[in-house]
Amino acid sequence: MTDTASANTPRARGEWPLYEVFVRGKRGLNHVHVGSLHAPDDQLALRHARDVYTRRNEGVSIWVVRSADITASSPDEKDPMFAPSGDKVYRHPTFYDIPDDVPHM
């Protein structure tokens with residue numbers, strides 16, 4: 001067998017893509033990043049994420065995303081990236097009265 005994987009054989013673990021794992025807890029409304037893992041495909045990444053990150057029945061939903069598919073801003077770019085919204089105070093909910101019976105606000 002050669003060092004390179006052919007189209008018909010599974011890739012070596014070191015060549016598996018990296019996935020970022022997000023879990024939504026039973027009491028949460030948001031998915032939270034809980035870690036990373038390597039897997040040969042999306043379905044196995046989801047199964048591995050379930051086995052590794054929800055062993056104690058903590059979650060109600062899991063997202064797995066290939067790390068290569070994530071585009072993110074850099075913390076170094078925070079001023080130019082977010083400064084334009086700072087002068088638009090009308091976008092902040094400080095001008096609105098939220099009734100007490102409205103959940104999750």
Side-chain angles (χ1 to χ4, degrees):
M1 184 170 188
T2 64
D3 288 3
T4 59
S6 71
N8 297 327
T9 60
R11 291 186 281 180
R13 178 173 287 192
E15 296 177 7
W16 289 355
L18 180 67
Y19 287 83
E20 301 303 323
V21 181
F22 300 83
V23 174
R24 180 178 160 206
K26 289 182 180 179
R27 296 183 182 190
L29 295 175
N30 303 327
H31 285 77
V32 176
H33 183 258
V34 294
S36 305
L37 56 80
H38 289 273
D41 60 48
D42 297 349
Q43 291 303 313
L44 278 176
L46 191 58
R47 288 183 189 168
H48 291 318
R50 178 200 60 205
D51 294 345
V52 172
Y53 294 105
T54 63
R55 284 182 269 178
R56 294 178 187 94
N57 204 20
E58 311 85 332
V60 295
S61 176
I62 301 172
W63 291 348
V64 292
V65 182
R66 286 187 187 212
S67 295
D69 292 335
I70 296 175
T71 304
S73 66
S74 167
D76 296 335
E77 299 171 343
K78 72 176 182 170
D79 290 335
M81 182 76 141
F82 298 105
S85 65
D87 63 351
K88 297 179 175 107
V89 294
Y90 57 86
R91 292 186 176 177
H92 301 283
T94 56
F95 298 104
Y96 307 103
D97 292 326
I98 300 173
D100 293 334
D101 60 340
V102 175
H104 309 300
M105 289 295 277

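Sequence positions, counted from 1, serve as the residue numbers for this chain. Please read these numbers as outputs of a predicted model, since none were measured by experiment.
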Original post:
Can you name the closest pair of heavy atoms from Pro17 and Ala39 and give their distance?
Top reply: CD-O, 3.0 Å

**OP:** Check the surroundings of atom CG in Asp69: do more than 12 heavy atoms from other residues, nucleotides or ligands lie under 6.0 Å from it?
**Re:** yes

Original post:
Is Val64 reachable from Val52 through a run of hydrophobic residues whose side-chain heavy atoms are each under 4.5 Å from the next?
Top reply: yes

**OP:** First locate atom CG of Asn30, then atom OG of Ser61, and finally report the distance between them rounded to the nearest 0.5 Å.
**Re:** 11.5 Å

Original post:
Should Trp16 and Leu37 be counted in the same cluster of Ile, Leu, Val, Met, Phe, Trp and Tyr side chains packed under 4.5 Å apart?
Top reply: no

Subject >> Shortest non-hydrogen separation from Ile70 to Glu20 and the atoms involved >> reply: CD1-CG, 3.7 Å

Original post:
When hydrophobic residues are tied together by side-chain contacts of less than 4.5 Å, even through go-betweens, does Leu44 share a cluster with Tyr19?
Top reply: no

Original post:
Under 3.5 Å, side chain of Tyr53 to main-chain N/O of Ser36, donor-acceptor pair present?
Top reply: yes

Subject >> Shortest non-hydrogen separation from His38 to Leu18 and the atoms involved >> reply: NE2-CD1, 3.7 Å

Subject >> Approximate separation, where rounding is to 0.5 Å, of Asp41 CG and Arg66 CZ >> reply: 8.0 Å

Original post:
Atom OG1 of Thr54 and atom CZ of Arg24: how far apart are they, to the nearest 0.5 Å?
Top reply: 14.0 Å

Original post:
So His33 and Phe22, would you call those rings parallel, tilted or perpendicular, with 30° and 60° as cut-offs?
Top reply: perpendicular

Subject >> Ala49 to Val21 - nearest heavy-atom pair and separation >> reply: CB-CG1, 3.7 Å

Subject >> Which atom of Asn57 lies closest to which atom of Lys26, heavy atoms considered >> reply: O-CE, 3.0 Å

